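Below: the structure, in structure tokens.
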Protein chains: 2
Amino acid sequence: MAEAYYQRLTDRLRDALLLEHSSWVDADGKLPAERILAQRFKTTRVTLRQALAQLEGEGRIHRSNRRGWFVSPLRLEYDPTRDAGFNDYVTAQGRLPRTEVLSLATSPHAPAANALGLSVNHPFYHIRRRRYVDERAVLVESLWVVPERAPGLLEERFEFSLWKLLREQWHLSLSHRSISMVSEALQGTDASELGVASGTAGLNICRTIFDDAHLPVEYDEEHWLHDALSIRVELKGTH
Amino acid sequence: MAEAYYQRLTDRLRDALLLEHSSWVDADGKLPAERILAQRFKTTRVTLRQALAQLEGEGRIHRSNRRGWFVSPLRLEYDPTRDAGFNDYVTAQGRLPRTEVLSLATSPHAPAANALGLSVNHPFYHIRRRRYVDERAVLVESLWVVPERAPGLLEERFEFSLWKLLREQWHLSLSHRSISMVSEALQGTDASELGVASGTAGLNICRTIFDDAHLPVEYDEEHWLHDALSIRVELKGTH
DNA sequence: TACCCTTCCTGGTATAGACCAGAATTTTCA
DNA sequence: TGAAAATTCTGGTCTATACCAGGAAGGGTA
């Protein structure tokens, strides 16, 4: 086949976007309404939406609730193996970080218990946060900290680095960790807290952390918008 | 709103899939035709396809060209920081690996040259391979090796581990590496070599490798089907 | 037996139109 | 002036239908 119309449409839209947000993208990076675009490119909304979905998959544009389509900002570079705080590396890349604490609680959590090798009834400090880059919500995360490692932790503030807290206030070493990353479709609470439709592409990052003495410290799950980050890991030495 | 019909459809389909491929999924893991499913769930193909796309995003099912929808196998666990060969870790997980060499050439390549700090005209040994797990093509990769590090490399066979070759035949150490991972939409050659539609969700992994003496050795790009793998990294020691 | 061709099945693309629900804006009125 | 209400705009969902193109399978032919 020559090539599907929506494919050529995708290419044309992509080119237009690369033209430094030129012509028909407004100052906020907002694209014209679907109906307008469909008309302009002489096709239906359905077909146009195929092209938009394609570009969304490429991480070039994203939708915000029912407000419209927007050009996606540069991906954030992120090294999940380092324990630099979110605020630090976002700032280091010239972006504006912000963290919101969504909830604090003490309760058991089976996946965390499993990952850390504790009994399923073991209570955890549960911290749930939402994090922004340049005022765009890019991830929600849940952290489950073993209370024995950091008694009284919930009295602290969590707008900043948890690990820094654990290191400086409780002198923990966080030496052993296992990290897993899986692509996912954001759903339920995660999707709605990020203000995206259920099914939006995301990346799930889980960490399990032990200290020097191999005592379990923390388990966490991050749910990122897929287009918001680029993972980068630097390694030295053969294994 | 109560909940979109296609959302409930997604849930019902997901449940049915989790029932150990029960009832209407055949032995090969093939789902019934879209038209059949649409009829069975009393909706249109368009709406049904929304639900299928949702499950595809979750990595539960995938489409094979125009043959139909299939249940996706378990994700392969993969640690990009280790240099265990593909064949080794696929086998270790009880799966069947296979590698096809698609092309061998000697030519310059700007991105590789950039990553390795060489001039853009610098020639590379270029190896392109397609790799299978249980006879499903899950990734295509291109490797650009610096000829000075492994003279005569192209005479070898590449159905197995390149790194093993470099270590054993050329005594290279591959100590310093930078790895980046980005979600992408598979396109062009990558998509067609994997037998999927342009725009299918994928994961792009790039490595830049230097040896003990900080001499550039190799640059490679892998394009994975997003539902085929789960990244897992194990780390020891604080940074 | 080996190959080619036809036919059928399946997903892929596209049209045209309708109504819904949340977000943003404007208007109204206390 | 300020808050509430109505309106408009935008994407989200859905129906019904049509035709296309690649894959698979069956059957016929050399």
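Quantities reported herein were computed from a predicted structural model and do not represent experimental measurements. Residue numbering restarts at 1 for every chain, and letters A, B, ... go by the order of the sequence lines.
- The side chain to side chain contact (heavy atoms under 4.5 Å, CB included) with B:L153 is formed by just one residue from the set B:L143, B:L104, B:V145; it is B:V145.
- Close to D:dT13, at under 4.0 Å from its OP1 or OP2, lies a side-chain N or O of B:Y6.
- One interatomic measurement links the two molecules: CG of A:L37 to P of D:dC9, which rounds to 16 Å at whole-angstrom precision.
- Comparing A:K42 and B:A33 along DNA chain C, the residue whose closest nucleotide (by nearest heavy atom) sits nearer the 5' end is B:A33.
- The separation between A:F70 atom CZ and C:dA23 atom P is 13 Å, rounded to whole Å.
- In terms of position on DNA chain D, the residue among A:N65 and B:R67 whose nearest nucleotide sits closer to the 5' end is A:N65.
- Across all strands, A:R49 comes closer than 4.0 Å to base atoms (heavy-atom distances).
- Ion pairing between B:R207 and B:E221 fails under the 4.0 Å rule for side-chain N and carboxylate O.
- Contact of A:R45 with C:dG17 (side chain to base): no donor-acceptor pair of N or O atoms is detected under 3.5 Å.
- Looking at B:R35, its side chain comes within 3.5 Å of the base of C:dG11 through a donor and an acceptor atom.
- Look at A:R66 and you won't find any side-chain N or O under 4.0 angstrom from OP1 or OP2 of C:dC20.
- Ring geometry for B:W144 against B:H109 counts as parallel: the plane angle stays under 30°, on a 0 to 90° scale with 60° as the upper cut.
- Taking a cutoff of 4.0 Å between a charged side-chain nitrogen and a carboxylate oxygen, B:E100 and B:R98 qualify as a salt bridge.
- Dashed line: the shortest gap from a side-chain N or O of A:T43 to OP1 or OP2 of C:dA14 is not under 4.0 Å.
- OP1 or OP2 of C:dG17 has not a single side-chain nitrogen or oxygen of A:T44 nearer than 4.0 Å.
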